[in-house]
Amino acid sequence: MSLTDKDKAAVKALWAKISKSADAIGADALGRMIVAYPQTKTYFSHWPSTSYGSAPVMKHGKDIMGGVVLAVSKIDNLVAGLLDLSELHAFKLRVDPANFKLMAHCIMVSIATKFPAEFSPQAHVALDKFLANLALALSEKYR
Amino acid sequence: MVVWTDFERSTIENIFSKINYEVVGPAAISRCLIVYPWTQRYFGGFGNLYNAAAIIDNPKVAAHGLVVLKGLELAQKNMDNIKATFADLSKLHSEKLLVDPDNFKLLTDCLAIVVAAELGEDFTAEVHAVFQKFLAVVVASLRKQYY
């Protein structure tokens with residue numbers, strides 16, 4: 001399910017409307033994921049807090065969205081563009097790729113709460129495909 | 001046996017009292033058909049599903065969205081016994097409708113997004129978590145009678 005030109009245009013159009021809230025979306029999405037899917041907490045045992053809105057969650061949510069921003073800029077070749085991040089996740093972080101789906105869902109829920117009008121079904125399908133391809137690129141170096 | 005806290009019960013009740021069924025039901029189904037087009041395989045008799053606009057305007061899709069949401073309301077009204085409440089519905093989906101149960105998650109993911117859009121900032125992380133739990137129980141109950 002690779003990205004068509006139409007998908008890429010839709011992702012960029014949606015991104016233009018929501019990018020100013022990237023940090024807030026990232027913090028909200030990560031916070032939501034930890035609350036709604038508590039098994040994801042296992043990756044953050046080294047944080048002083050995993051509560052919604054706590055400093056580590058907010059900072060890390062921002063970092064994650066930074067990765068999404070990078071991916072949007074590399075949309076024409078996600079595997080090449082995300083190579084370093086893939087190596088980080090494969091060899092150092094070793095996050096089970098199933099969690100990428102959970103994070104993607106929470107990012108989309110966050111966007112839906114903040115931008116209900118912009119997140120039309122057409123924008124949704126394009127973003128869903130984009131995040132799925134992003135996850136694949138991120139898992140590229142796993143094995 | 002699913003255990004529900006008081007907070008979870010009141011949260012689910014709250015969600016169902018706040019959402020507009022006529023909006024959320026049709027929106028969730030049409031989003032599912034648009035975002036996961038292979039789900040259209042189950043709606044051959046629904047007429048024009050050719051593109052997003054056609055799906056959104058399709059009256060049969062809208063009507064079915066309401067049917068699905070009424071089903072979820074049934075679960076909400078029988079929260080302590082969703083598995084038994086849905087036994088017949090599960091058999092229906094398995095034996096008559098022949099729906100691959102992996103599709104249930106696709107629809108509930110769209111539902112979460114539609115409800116999130118409806119409730120906005122009120123769809124906090126805690127409310128979201130409870131809703132996902134409720135939907136997971138609904139999906140498990142619908143899968144139960146498959147063999």
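In what follows, every chain begins at residue 1, and chains take the letters A, B, ... in the order their sequences are listed.
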*Count the heavy-atom pairs under 4.5 Å between each of A/Ala36, A/Pro38, A/Ala112 and chain B, then report the option with the highest count.*
A/Ala112
*Tell me, for B/Leu33 versus chain A, whether the close heavy atoms (under 4.5 Å) come from the side chain, the backbone, both or neither.*
neither
*Is it the backbone or the side chain of B/Tyr36 that comes under 4.5 Å from a heavy atom of chain A, or both, or neither?*
side chain
*Would you check, one step at a time, whether the test side-chain hydrogen bond (donor to acceptor under 3.5 Å, both in side chains) holds for A/Tyr37 with B/Gln132?*
CA-CA 9 Å; A/Tyr37 305 104; B/Gln132 296 287 170; 3.2 Å; yes
_chain B contact via A/Phe119 - which portion, at a heavy-atom distance below 4.5 Å_ = both
*Quick one: sort the B/Tyr21 and B/Phe16 rings into parallel, tilted or perpendicular, breaks at 30° and 60°.*
perpendicular
*Using the six-membered ring wherever Trp is involved, compare the ring planes of A/Phe44 and A/Trp47 and label them parallel, tilted or perpendicular (cut-offs 30° and 60°).*
parallel
*Between A/Thr113, A/Asp28, A/Ile34, which shows the greatest number of heavy-atom pairs under 4.5 Å with chain B?*
A/Thr113
*Would you confirm whether A/Tyr142, through its side chain, and A/Val95, through its main-chain N or O, come within 3.5 Å as a donor-acceptor pair?*
yes
_chain A interface, residue from B/Ala129, B/Ala117, B/Pro37 that has the most non-hydrogen pairs under 4.5 Å_ = B/Ala117
*asked:* Could you check whether any side-chain N or O of A/His89 sits under 3.5 Å from a backbone N or O of A/Leu85, counting only pairs where one atom can act as donor and the other as acceptor?
replied: yes
*Residue B/Ile34 versus chain A: region with a heavy atom under 4.5 Å*: both
*Are A/Ile25 and A/Phe115 close enough that some pair of their side-chain heavy atoms sits under 4.5 Å apart?*
yes
*Checking A/Met33 against chain B: side chain, backbone, both or neither under 4.5 Å from a heavy atom?*
neither
*Sort out for me which of B/Thr124, B/Val115, B/Asp122 touches chain A most, counting heavy-atom pairs under 4.5 Å.*
B/Thr124
_Side chain, backbone, both or neither of A/Ser120 within contact of chain B (heavy atoms, under 4.5 Å)_ = backbone
*With side-chain hydrogen bond (donor to acceptor under 3.5 Å, both in side chains) as the test, would you mind laying out the steps for B/Thr11 and B/Asn14 before giving the verdict?*
CA-CA 5 Å; B/Thr11 297; B/Asn14 244 334; 5.9 Å; no
